[in-house]
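All remarks here apply to the structure that follows.
Chain letters run A, B, ... following the sequence lines, proteins first and then strands; every chain starts at 1.
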Amino acid sequence: MPELPEVEVVKRSLKKKIQNLRIKKVKINDSNLRYKIKSEEISKLIGKKIKKIERRSKFLIFKIDKKLSMLVHLGMTGKFFFINKNSQKFKTSFYYDMKKKDEKHDRVIFFLQNKQKLIYNDVRKFGFIKFYNPSKYYQNLHFKNLGPEPLSNECNFNYFKKYLKGRNRNIKDVLMDQKCISGLGNIYVNEVLFLSGIKPTRKVSKLNDAELKNILKNIKKVLKNAIRMGGSSIKNFSSDDGKKGIFQQHFKVYGKKGERCSNTDCNTKLVRIVISNRATFFCKNCQK
DNA sequence: TTCTTTGTTCCGGA
DNA sequence: GTCCGGAACAAAGA
């Protein structure tokens, strides 16, 4: 699922492919994504250049001009494809299996200059495409409550400690909360807590400074590592060459219920519990 | 048919 | 007003 690292990788890939290209036409195959796409809004893109592509948390921002930015959230299964002038298809995300024929889920097609195309494909339609005025960035519903970027200097021990003061939630829910730190999702929170040796149900009021520092350190480590792997796994291959380049994620706990803990000298079976309606995986022996 | 998956928003109670 | 947990929502594959 696209969390911060995946979205960052998509951003870097899109930047290489479509930055500074002009939009000639937009075809909406299905306007009913998470939010309805209004054709009068999307028509404002016609004739404009995609000047810059940025990421904030799990949101992609396509900067068009002073009054217009396009906001894209990939939801669970959102992804982009780029088709070049020789009709070669490129994926822009590493968690997607190119072998699957799912062109029926191509929701929006952006026709670019030189007969190039950008396709937004989304099987489950939990993603969305919206437009906003960048001068009102801080008032935007999606941005105004976001905590700091986890890889920024702003996301440091002092901030974390201050945020947690007076709170008594469990650590997993806090890390999932975008108001605390923005960009983490279920998968990476599970991994971070495993690496930190912290049980997901621990109350934040019971965590000491060393544990908090360790959690922060591991957040940065896990995200950086995932971006690095994602970045290096993006191969420019065409759809009929889909076998190679499929990136194998290797998580230590996520989705591994019943498997043995990977820590040296620990052979404990990993367990799955549910916290706030989310699958949670951990090692009872290593996470306290 | 039911269950599972996810990020985000909204709402009620403390 | 703030905090927190739970529910709702979207769609589709197994």
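The distance between atom CG of A:Leu146 and atom P of B:dT9, rounded to the nearest whole Å, is 8 Å. Atom CG of A:Asp177 is separated from atom P of B:dT6 by 17 Å (rounded to the nearest Å). Taking atom NZ of residue A:Lys36 and atom P of nucleotide C:dA11, one finds them 11 Å apart after rounding to whole Å. In this structure, the CD1 atom of A:Ile37 is 16 Å from the P atom of C:dA10, given to the nearest Å. When the P atom of C:dA14 is taken as reference, atom CE of A:Met76 falls 13 Å away, rounded to whole Å. Summarising the geometry, the separation between CD1 on A:Ile275 and P on C:dA7 is reported as 16 Å, rounded to the nearest angstrom. In this structure, A:Lys125 atom NZ and C:dA12 atom P are separated by 6 Å, rounded to whole Å. Atom pair A:Lys172:NZ and C:dG5:P shows a separation of 13 Å (rounding to whole Å applied).
The A:Arg107 side chain lies nearest to C:dA12 when the options are C:dA12, C:dG5, B:dT5. For A:Asn277, the listed nucleotide lying nearest its side chain is C:dA7; candidates were B:dT6, C:dA7, C:dA11. Taking every side-chain heavy atom of A:His73 into account, B:dT8 is the closest of B:dT8, C:dG13, B:dT4. Each of C:dG5, B:dT5, C:dA12 was ranked by its minimum atom distance to the side chain of A:Ala279; first place goes to B:dT5. For A:Tyr254, taking side-chain heavy atoms from C-beta onward, the closest of the listed nucleotides C:dG5, B:dT5, B:dT9 is B:dT5. Proximity note for A:Arg169 (side chain, C-beta onward) versus C:dC4, B:dT8, C:dA11: the nearest is C:dC4.
Taking 4.0 angstrom as the limit, A:Arg167 places a side-chain polar atom (N or O) nearer than this to OP1 or OP2 of C:dC4. Look at A:Lys58 and you'll find a side-chain N or O under 4.0 angstrom from OP1 or OP2 of B:dT8.
Counting non-hydrogen atoms under 4.0 angstrom, A:Arg34 reaches a base of the nucleic acid. Counting non-hydrogen atoms under 4.0 angstrom, A:Leu33 reaches nothing in the nucleic acid. A:Asp122 comes within 4.0 angstrom of nothing in the nucleic acid, heavy atoms only. Across all strands, A:Phe128 comes closer than 4.0 Å to no nucleic acid atom at all (heavy-atom distances).
The main-chain N or O of A:Glu211 is found under 3.5 Å from a side-chain atom of A:Asn208 such that the two form a donor-acceptor pair.
Side-chain contact check for A:Asp177 versus A:Asp173: every heavy-atom pair is 4.5 Å or farther apart. A:Tyr137 is listed as a side-chain neighbour of A:Arg56, based on a closest heavy-atom distance under 4.5 Å.
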Report task. Could you give me the CA-CA distance, side-chain angles and deciding distance for A:Lys36 and A:Ser31, then say whether side chain to side chain donor-acceptor pair (under 3.5 Å) is met? Result -> CA-CA 6 Å; A:Lys36 181 97 180 170; A:Ser31 62; 3.3 Å; yes
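Judged by distance alone with a 3.5 Å cut-off, a donor-acceptor contact links the side chain of A:Arg124 to the base of B:dT5.
Other residues, nucleotides and ligands contribute over 12 non-hydrogen atoms within 6.0 Å of the NZ atom of A:Lys220.
Geometrically, A:Arg55 does not engage A:Phe59 in a cation-pi contact, judged by NZ or CZ lying under 6.0 Å from the ring centre and within 45° of the ring axis.
Nearest-nucleotide positions on DNA chain B place A:Phe126 closer to the 5' end than the other of A:Phe126 and A:His142.
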